[in-house]
Protein chains: 2
Amino acid sequence: MALNPSLHLEYPHPIGEIEGVAIGTPFGSREEVRLAKLHRPPMAGISYITDGPAESIVISGGYQDDEDFGDTIIYTGQGGQDSPGGKQVKDQEITRGNRALIFSEEHESPIRIIRGSGGDPQFSPKSGYRYDGLYLVKNHWFEKSKNGPLVIRFELNQIFELAQINPSLQSVGAAPSGNAQPERQSVTTSSIKRDSSVSDWVKKVHNDRCQFCGITLITRVGTYSTGAHIQGLGRPHHGKDETSNLLCLCPNCHVLFDKGVLYIATDNKTVVNIVNGEKKSLLLNEAHILDGVAIAHHRLKVAGVD
Amino acid sequence: MALNPSLHLEYPHPIGEIEGVAIGTPFGSREEVRLAKLHRPPMAGISYITDGPAESIVISGGYQDDEDFGDTIIYTGQGGQDSPGGKQVKDQEITRGNRALIFSEEHESPIRIIRGSGGDPQFSPKSGYRYDGLYLVKNHWFEKSKNGPLVIRFELNQIFELAQINPSLQSVGAAPSGNAQPERQSVTTSSIKRDSSVSDWVKKVHNDRCQFCGITLITRVGTYSTGAHIQGLGRPHHGKDETSNLLCLCPNCHVLFDKGVLYIATDNKTVVNIVNGEKKSLLLNEAHILDGVAIAHHRLKVAGVD
């Protein structure tokens, strides 16, 4: 796992490891954690840089929905509670620490994890706090909380290999030197098996025309589009690899759909851009029936629109 | 390797394995090969379906530039010779069999390989012809032939696992059933190590604005673009992972650039669409110097423009 050294040089607060603080270091109090430069705010769970990445999270059981599996953490975002650790009374939004965690996800920027004694007993210290190393935000989605309003849930995975980050060698704004002879590497990934005939069929039915913006990319041997799963395959969405769960989209609209910028309204025929409010008609084909449950899943879980 | 069963059902001639013809089956003549339904044309090296994929290739040493490594074949496309197996007098073009091979590459459609005695002695039969199984077109690029004009070179890789293709179970045009609970699989791939700080820098210098079309994709936490290598990393292009070899592009323009539809003209500042002839000014930033050698490499090898 290569971290993103460029991020680490341009922010006023340190991202990644703190020199001299080993994984497993115990702390008696939040104030000690703060003085060690691990986590700046005295109370808040997320330390973040405005318009930038998050730096650290303190996990201490403030959200009953949090789940700790050791190397994987399902963490609930901030906001919308009537009091700290209290009842969820309002939807959480992509602002402040939540925004920063999504920024960190997009930029593969590591988060320092500090566990407090209030968390899952299997992985938390008996008392005080403990620095537990770096995690990456792997994924995020919206969910209805037990009390109704939406919360944002983040999946964080522990990382063990670190890139060499040496701030003294680079200054902000200068082009990184890169690599004139980049090496080959072998990477094993786990993914969901897709049946290419499913997306081929969807793309063909629409003649490679994007169902959102109407563009058809013309190549030298035909046309090009992508098959976009509405309800994502695998964790956490568990969508089906079936034609009713796919859209024919251009690569640009595919990115915006996966990021929850574009979603399909409850009429199942209007495409909404959540950032600028723009609405368009979804381009439909009668042979291609769409799964309303999958559309509702995407709208809620990915776009956060209830 | 999952083949693409949907392709195999809608063409008038069989794609993939021919029932009853085992790998290694010898044939005395091209006519015998034809009667076995392995390769239709009596003379031409590529058998293909108009506006569709290629079905088969006979490799028999017609091009001196062909290279045979057994499970990998570097095959030269058709056209532009003064006589069969003769001197290259004109550029090869993305038409007929060459177009079909690129179509097969884009659709991951398998090619039957028949080796004749005229090919590389290490891998070819001593006399007659031999059916050597299925290969996928992995890549293609343009190259100057020894005599000057451009040829198209295709890299084909042998495939050993076959998808179950059962034409009787599906009819053309009906939606494939897909999979309601797609399985997880572990895949190991070999790729070139990229330094994310290199593309991050390029994207940041351009504020995520596409250098070709000027679009900036707006997400919920900022903006989005991709870093596109001009001279591709790894085989066959061996480009550098350096900022001068990257462009900031939107995903749509990235696809068209990688497919050689868009290229940068010799003035290093005009973007040309080879399909519709459209020209635009490349959006430049003085801090981001581009490598003219990499641009010329892409123009020649990917777009086929000398």
Side-chain angles (χ1 to χ4, degrees), chain A residues 2 4-7 51 94 99 102-103 106-108 175-198 200-201 204-205 215 217-222 224 233-234 240-243 245 250-252 254-256 259-261 274-276 287-288, chain B residues 2 4-7 51 94 99 102-103 106-108 175-198 200-201 204-205 215 217-222 224 233-234 240-243 245 250-252 254-256 259-261 274-276 287-288:
Chain A
N4 199 332
S6 66
L7 274 175
D51 295 333
I94 302 183
R99 183 193 181 284
I102 298 173
F103 186 98
E106 296 203 347
H107 293 266
E108 299 188 6
S177 57
N179 193 340
Q181 293 185 301
E183 283 168 20
R184 191 158 276 279
Q185 64 182 348
S186 188
V187 179
T188 301
T189 51
S190 171
S191 62
I192 299 292
K193 244 187 210 171
R194 291 131 201 265
D195 179 349
S196 59
S197 69
V198 173
D200 282 349
W201 185 88
K204 186 168 297 175
V205 160
I215 272 183
L217 296 187
I218 312 291
T219 71
R220 301 174 78 169
V221 299
Y224 180 89
L233 300 187
K240 299 172 180 179
D241 191 24
E242 297 178 348
T243 58
N245 187 36
C250 74
N252 283 359
H254 194 157
V255 167
L256 296 178
K259 290 187 182 296
V261 174
I274 205 168
V275 172
N276 62 20
H288 180 210
Chain B
N4 199 331
S6 65
L7 274 176
D51 294 335
I94 301 181
R99 183 194 181 284
I102 298 174
F103 186 98
E106 296 203 346
H107 293 267
E108 299 188 7
S177 57
N179 192 340
Q181 292 185 301
E183 283 169 17
R184 191 159 276 279
Q185 65 183 348
S186 187
V187 179
T188 301
T189 51
S190 171
S191 62
I192 300 290
K193 242 187 211 171
R194 290 134 200 264
D195 179 350
S196 60
S197 70
V198 173
D200 282 349
W201 185 88
K204 185 167 296 176
V205 160
I215 272 182
L217 296 186
I218 312 291
T219 72
R220 301 174 79 169
V221 299
Y224 180 88
L233 299 188
K240 300 173 181 179
D241 190 25
E242 296 178 348
T243 58
N245 188 36
C250 73
N252 283 359
H254 195 159
V255 166
L256 296 179
K259 291 188 182 297
V261 174
I274 205 167
V275 172
N276 62 20
H288 180 211

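Heavy atoms only: backbone and side chains are in, while hydrogens, waters and symmetry mates are out. In what follows, chains carry the letters A, B, and so on, assigned in the order in which the sequence lines appear, proteins first and then strands, with residues in each chain numbered from 1.
Among B:S186, B:G178, B:A180, the residue making the largest number of heavy-atom pairs under 4.5 Å with chain A is B:A180. Contact tally against chain A (heavy-atom pairs below 4.5 Å) for B:I274, B:N252, B:V221, B:N276: the top residue is B:N252. For chain A, the option among B:T243, B:I215, B:I102, B:L217 with the highest count of heavy-atom pairs below 4.5 Å is B:L217.
Here B:L233 pairs with A:P182, B:I192, B:R194, B:H229, B:D241 under the side chain to side chain contact (heavy atoms under 4.5 Å, CB included) rule; sequence neighbours left out. Applying the side chain to side chain contact (heavy atoms under 4.5 Å, CB included) rule to B:V261 yields the partners A:T219, A:R220, B:L256, B:K259, B:N273, B:V275; only residues at least two apart in sequence or on another chain are considered.
Heavy-atom distances place both the backbone and the side chain of B:Q185 under 4.5 Å from chain A. Of the atoms belonging to A:E183, heavy atoms from both backbone and side chain fall under 4.5 Å from chain B.
The distance from atom CG of A:N179 to atom CG of B:N245, rounded to the nearest 0.5 Å, is 11.5 Å.
Residues B:A287 and B:W201 come closest through the heavy atom pair O-CH2, 3.4 Å.
A:E242 places none of its side-chain heavy atoms less than 4.5 Å from the side chain of A:D195.
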